[in-house]
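Take a look at the structure below.
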Amino acid sequence: MMKPLKAAVIGLGVGEQHVLSYQSIPGVEVAAVCDIDPAKLAEVADRRGVAVRHADWRKVTEDPDIDVVSICSYDCDHAEQAVSAFEHGKHVFVEKPVALNREDAGRVLRAQQDSGRLISSNLILRASPRFAELKRRIDAGELGDIFYMEGDYIHQILWKITEGWRGRMPFYNVTYGGGIHLIDLMRWLVGREVREVTAMGNQLLSRDSGFGYPDTMVSLLKFEGDILAKSLTTFGPQRTKFHALNVYGTKKTFINDMPDAWLFDGDQPENRHAVTTPYPGMAKGDLIPDFVDAIRLGRPPLISTTDVFRVMEVCCAAWDSLQQGRSVRVDYPI
């Protein structure tokens, strides 16, 4: 029989979806939840039937009975909470980004490596049926050799940085919170790493607010094999939320759209073919069953340790490039 696992969730915004996902897995118990907002803590815990409730996250990370912790707190708290969880023998599933700077990411990586426990992150676009199908097509050679990609995070959530907790943190980067999804997706699709980044940003959308960082960033990426890519993150577009993804190959081109995507195998109207596979087609907790399975089987999760820290390093390099006004080589910690 499978050993029962006891899970806990810190932060009950998106974290409520983590609670639901754990509760859907046989042999997993949500043993505790945590939030600094007493009203939210009571509301979610009551709704999901969780008896043990904490306002102090240390009560979760230091509890010897907890096996796995989901960290869904404010981004500036991820690193400290993850380190504590690893030091107390927990597996960690953390919302992106794992940290807000290279030094804290390094602390988390060292703690994870010392603990021998697993880490994964909620880079959820890999769970989209449409993008999973595209991955299969690329791996099968259907698109030919990939030579250029565009992966853009387009979401009208300006209020999150002008009015919400993200804007109250000492530092926030929209690429770390949004564009990271598309950067990870492109890495995964082609199975190559980014070697060089050039980034620019502006603050035209939030210039009259107290937010002190770019609300729009564009990064040019050079992957192994000389594949080029562009990634836009904007928190203020006048359009519906969308993960724009264009993948150009020598045989076919994939263009994401709504409701359908398109595959092109030439330059004439008859060369356009609809891709009706669902998009986005996933929920926030859809990677958690794989993570639990990885814990039980002793295998890497779909979003591996390498993925978590390498995509974070690409984002850090993009910020370095913006600050320094030059192209930056990417040096990976793992």
Side-chain angles (χ1 to χ4, degrees), residues 123-155 175 178-199 217-234 237 239-282 286-287 290 300-304 306-307 310-311 313-315 317-318 327 329-330 332:
L123 296 164
I124 194 63
L125 291 185
R126 295 197 195 189
S128 171
R130 183 173 296 177
F131 297 146
E133 178 186 322
L134 175 60
K135 170 69 170 169
R136 291 191 292 270
R137 289 179 182 270
I138 291 172
D139 288 349
E142 187 176 333
L143 275 70
D145 295 328
I146 307 303
F147 59 91
Y148 178 67
M149 298 179 287
E150 296 175 326
D152 300 334
Y153 184 89
I154 300 169
H155 198 180
T175 297
I180 192 171
H181 284 293
L182 278 302
I183 294 171
D184 174 73
L185 183 65
M186 291 188 288
R187 289 178 59 253
W188 179 60
L189 288 171
V190 298
R192 305 284 183 90
E193 297 293 356
V194 177
R195 292 303 180 194
E196 188 175 351
V197 182
T198 304
M217 281 186 64
V218 178
S219 298
L220 298 179
L221 312 170
K222 178 172 277 191
F223 283 77
E224 295 169 327
D226 223 25
I227 299 171
L228 298 178
K230 180 266 292 183
S231 182
L232 162 71
T233 304
T234 179
R239 62 165 298 173
T240 53
K241 180 181 179 181
F242 187 54
H243 304 105
L245 179 70
N246 303 328
V247 181
Y248 292 82
T250 53
K251 294 180 180 179
K252 293 183 180 180
T253 295
F254 172 91
I255 304 295
N256 198 30
D257 205 346
M258 294 190 296
D260 300 329
W262 301 96
L263 274 174
F264 295 82
D265 54 15
D267 64 350
Q268 299 302 309
E270 62 268 22
N271 296 124
R272 188 178 78 155
H273 313 283
V275 178
T276 60
T277 312
Y279 160 82
M282 77 279 178
D286 281 357
L287 291 174
D290 171 80
L302 177 61
I303 311 296
S304 69
T306 299
D307 292 321
R310 287 195 173 184
V311 74
E313 182 57 35
V314 175
C315 293
S327 178
R329 295 284 299 176
V330 184
Y332 292 109

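What you are looking at is a predicted structure, and each value in this text was computed from that prediction instead of being measured.
Annotation: salt bridge (charged side-chain N to carboxylate O under 4.0 Å, His left out) contacts of Asp139 (sequence neighbours excluded): Lys135. By the side-chain hydrogen bond (donor to acceptor under 3.5 Å, both in side chains) test, Glu196 is found to be paired with Ser327, residues two or more places apart in sequence or in another chain being considered. Taking Asp145 as the reference, Thr250 meet the side-chain contact (heavy atoms from CB on, under 4.5 Å) condition, with sequence neighbours excluded. Annotation: side-chain hydrogen bond (donor to acceptor under 3.5 Å, both in side chains) contacts of Asp257 (sequence neighbours excluded): none. Scored by the side-chain contact (heavy atoms from CB on, under 4.5 Å) test, Ser128 finds Arg130, Phe131, Tyr279, Met282 as partners (sequence neighbours excluded). Remark: Thr175 engages no residue in a side-chain hydrogen bond (donor to acceptor under 3.5 Å, both in side chains) (not counting sequence neighbours). Judged as a side-chain hydrogen bond (donor to acceptor under 3.5 Å, both in side chains), and not counting sequence neighbours, Thr306 has no contacts. The side-chain contact (heavy atoms from CB on, under 4.5 Å) search around Arg136 returns Ala132, Glu133, not counting sequence neighbours. With sequence neighbours excluded, the residues that form a side-chain contact (heavy atoms from CB on, under 4.5 Å) with Lys230 are Tyr148, Glu150, Asp152, Val218, Leu220, Leu232. Every residue meeting the salt bridge (charged side-chain N to carboxylate O under 4.0 Å, His left out) condition with Asp290, not counting sequence neighbours, appears here in chain and number order: Arg299.
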Worksheet item: Between Thr240 and Met258, is a side chain to side chain contact (heavy atoms under 4.5 Å, CB included) present by the stated rule, with each step listed?
Response: CA-CA 10 Å; Thr240 53; Met258 294 190 296; 3.4 Å; yes
Discussion item. Let's go through Leu143 and Val247 carefully: what are the C-alpha distance in whole Å and the side-chain angles of both, what is the deciding distance for side chain to side chain contact (heavy atoms under 4.5 Å, CB included) to 0.1 Å, and is it a yes or a no?
Written reply: CA-CA 9 Å; Leu143 275 70; Val247 181; 4.0 Å; yes
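Nearest heavy atom pair, residue Pro129 against residue Gly281, reads CD-O, 3.4 Å. Between Val197 and Ala318, the closest heavy-atom pair is CG1-CA, 3.7 Å.
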In residues 179-192, what donor-acceptor pairs under 3.5 Å come from side-chain atoms, sequence neighbours left out?
{"unit_1": "Asp184", "atom_1": "OD1", "unit_2": "Arg126", "atom_2": "NH2", "d": "2.8"}
{"unit_1": "Asp184", "atom_1": "OD1", "unit_2": "Arg187", "atom_2": "NH1", "d": "3.2"}
{"unit_1": "Asp184", "atom_1": "OD2", "unit_2": "Arg126", "atom_2": "NE", "d": "2.9"}
{"unit_1": "Arg187", "atom_1": "NE", "unit_2": "Glu193", "atom_2": "OE1", "d": "2.9"}
{"unit_1": "Arg187", "atom_1": "NH1", "unit_2": "Asp307", "atom_2": "OD1", "d": "3.3"}
{"unit_1": "Arg187", "atom_1": "NH2", "unit_2": "Glu193", "atom_2": "OE1", "d": "3.4"}
{"unit_1": "Arg187", "atom_1": "NH2", "unit_2": "Glu193", "atom_2": "OE2", "d": "3.0"}
{"unit_1": "Arg187", "atom_1": "NH2", "unit_2": "Asp307", "atom_2": "OD1", "d": "3.2"}
{"unit_1": "Arg192", "atom_1": "NH1", "unit_2": "Glu224", "atom_2": "O", "d": "3.1"}

With a 3.5 Å cut-off and sequence neighbours excluded, list the donor-acceptor pairs that the side chains of residues 261-268 form with protein atoms.
{"unit_1": "Asp265", "atom_1": "OD1", "unit_2": "Asn271", "atom_2": "ND2", "d": "3.1"}
{"unit_1": "Asp265", "atom_1": "OD1", "unit_2": "His273", "atom_2": "NE2", "d": "3.3"}
{"unit_1": "Asp265", "atom_1": "OD2", "unit_2": "His273", "atom_2": "NE2", "d": "3.1"}

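To the nearest 0.5 Å, atoms OG1 (Thr234) and CD1 (Ile154) are separated by 8.0 Å. Taking OG1 of Thr253 as the start and OH of Tyr248 as the end, the distance is 6.5 Å to the nearest 0.5 Å. In this structure, Phe254 CZ and Met149 CE are separated by 12.5 Å, a value rounded to the nearest 0.5 Å. With rounding to the nearest 0.5 Å, the separation of CD1 in Ile255 from CG in Asn246 is 3.5 Å. Atom CD1 of residue Ile146 and atom CZ of residue Phe223 lie 11.0 Å apart, to the nearest 0.5 angstrom. Annotation: the span from Cys315 atom SG to Met217 atom CE amounts to 8.5 Å, rounded to 0.5 Å.
Using a cutoff of 4.0 Å between basic side-chain nitrogens and carboxylate oxygens, Glu142 and Lys251 are not scored as salt-bridged.
In this structure the side chain of Leu228 never reaches within 4.5 angstrom of the side chain of Leu221, judged on heavy atoms. In this structure, the side chains of Leu123 and Val311 come closer than 4.5 Å at one or more pairs of heavy atoms.
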